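Structure record follows, encoded as structure tokens.
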Amino acid sequence: MSLSEKDKAAVKALWSKIGKSSDAIGNDALSRMIVVYPQTKTYFSHWPEVTPGSPHIKAHGKKVMGGIALAVTKIDDLKTGLSELSEQHAYKLRVDPANFKTLNHCILVVISTMFPKEFTPEAHVSLDKFLSGVALALADRYR
Amino acid sequence: MVEWTDFERNTIQDIFSRIEYDVVGPAALARCLVVYPWTQRYFGGFGNLYNAAAIKGNPMVSKHGTTILNGLERAVKNMDDITNTYAELSVLHSEKLHVDPDNFKLLADCLTIVVAAQLGNEFTGEVQAAFQKFLAVVVSALGRQYR
């Protein structure tokens with residue numbers, strides 16, 4: 001399911017509206033993920049606490065959304081653009097790629113709560129395709 | 001049998017008492033048909049589904065969206081026995097409608113997104129967890145009678 005020019009335009013248009021809230025989106029998405037999908041907490045056992053809105057979660061949410069922002073700039077070739085991040089996830093972090101889908105869902109839910117008017121079905125389909133593409137690119141170096 | 005906490009029960013009852021079925025239902029179904037276009041295969045008789053605008057304005061889509069929410073209400077009213085409550089509906093979706101059960105999850109995700117938009121800040125992580133647990137039980141019950 002490759003990104004059409006229409007999808008890329010829709011993603012960039014949506015990002016131009018929501019990008020400045022990316023820290024808040026990241027914090028809410030990660031906070032939500034550890035509550036709705038408690039098994040994801042296993043990846044953060046090295047933190048003193050894994051609770052919604054904690055300083056670690058906030059910082060990590062910011063980092064994750066930084067990756068998404070990067071992906072938006074590399075939207076024409078996600079595999080190449082995210083290859084370093086993919087190596088990091090494959091060899092260092094070793095996050096099971098199924099979790100990318102989980103976090104993507106949480107990001108979509110957060111955007112829906114924060115930007116109900118902008119997050120139309122048309123914007124939703126393009127963003128969902130984009131985030132799926134990001135997940136695929138992130139998993140590229142796994143094996 | 002599914003165990004529900006008081007919080008989960010109250011949350012589900014609260015959500016369904018607050019949402020308008022004829023707003024949320026049509027919005028969720030239309031979103032599903034737009035975001036996952038292959039689901040349109042089940043609605044060949046619905047007329048114009050050519051683009052997002054057509055889907056959103058299609059009266060048959062709207063009517064069916066409301067029907068779906070009314071169907072969900074049966075689960076809301078029988079939270080302790082959703083599997084049996086949905087036995088007939090499961091047979092219907094399998095034997096008559098021939099719907100691939102994977103599609104139930106897609107609609108459930110769209111419903112979550114629409115309810116999230118309606119409730120905004122109040123759709124906290126805990127509320128989302130309860131809502132998704134409820135929908136997961138519904139989806140499982142709907143797929144139960146497939147053979």
Side-chain angles (χ1 to χ4, degrees), chain A residues 1-4 6-7 10-11 14 18 21 24-41 50-54 57-58 61 98 101-132, chain B residues 5 7-8 11 15 19 23-40 49-58 61-62 65 102 105-136:
Chain A
M1 291 185 252
S2 51
L3 292 171
S4 65
K6 192 167 157 223
D7 289 320
V11 168
L14 185 65
I18 71 176
S21 307
I25 294 173
N27 180 25
D28 195 341
L30 269 183
S31 297
R32 211 169 267 275
M33 184 185 77
I34 59 173
V35 167
V36 181
Y37 307 95
Q39 69 274 12
T40 57
K41 289 193 289 187
V50 190
T51 51
S54 72
I57 288 277
K58 273 205 180 82
K101 204 160 185 265
T102 301
L103 180 56
N104 282 344
H105 173 69
C106 291
I107 290 172
L108 294 177
V109 171
V110 169
I111 292 175
S112 186
T113 65
M114 288 173 72
F115 302 95
K117 286 198 172 48
E118 289 84 345
F119 197 54
T120 60
E122 296 91 317
H124 179 169
V125 62
S126 295
L127 189 64
D128 191 34
K129 286 174 75 175
F130 167 69
L131 290 176
S132 302
Chain B
T5 64
F7 175 80
E8 287 164 347
T11 297
I15 290 176
I19 58 176
V23 168
V24 168
L29 181 59
R31 192 169 282 259
C32 187
L33 295 171
V34 169
V35 178
Y36 309 109
W38 54 93
T39 57
Q40 292 171 26
L49 299 179
Y50 192 58
N51 54 38
I55 290 170
K56 277 186 263 193
N58 186 310
V61 171
S62 293
D102 285 348
K105 177 138 203 313
L106 301 180
L107 180 57
D109 282 351
C110 286
L111 191 54
T112 300
I113 297 245
V114 169
V115 169
Q118 293 272 305
L119 300 185
N121 282 342
E122 292 178 58
F123 199 67
T124 61
E126 287 82 358
V127 169
Q128 180 182 347
F131 192 63
Q132 289 193 192
K133 178 177 167 177
F134 170 74
L135 289 180

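Predicted, not measured: the structure shown is a model, and the values here were computed from it. Throughout, protein chains are lettered first and strands after them, A, B, ... in sequence-line order, and every chain is numbered starting at 1.
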When rounded to the nearest 0.5 angstrom, what is the spacing between CE in A:Met114 and CG in B:Asn121? 8.5 Å
NE2 of A:His105 to CD of B:Gln128, rounded to nearest 0.5 Å, is 5.0 Å
Give me the atom names and distance for the closest heavy-atom approach of B:Ile113 to A:Ser112. O-OG, 2.7 Å
Contacting moiety of B:Glu126, where chain A heavy atoms sit under 4.5 Å: both
To the nearest 0.5 Å, what is the distance between CG (A:Asp128) and CG (B:Asp109)? 9.0 Å
Nearest heavy-atom approach of A:Pro121 to B:Val35 is O-CG2, 3.9 Å
Is B:Lys133 in contact with chain A via its backbone, its side chain, both, or neither, using a 4.5 Å heavy-atom distance? neither
How far does OH of A:Tyr37 sit from CD of B:Gln132, to the nearest 0.5 angstrom? 3.5 Å
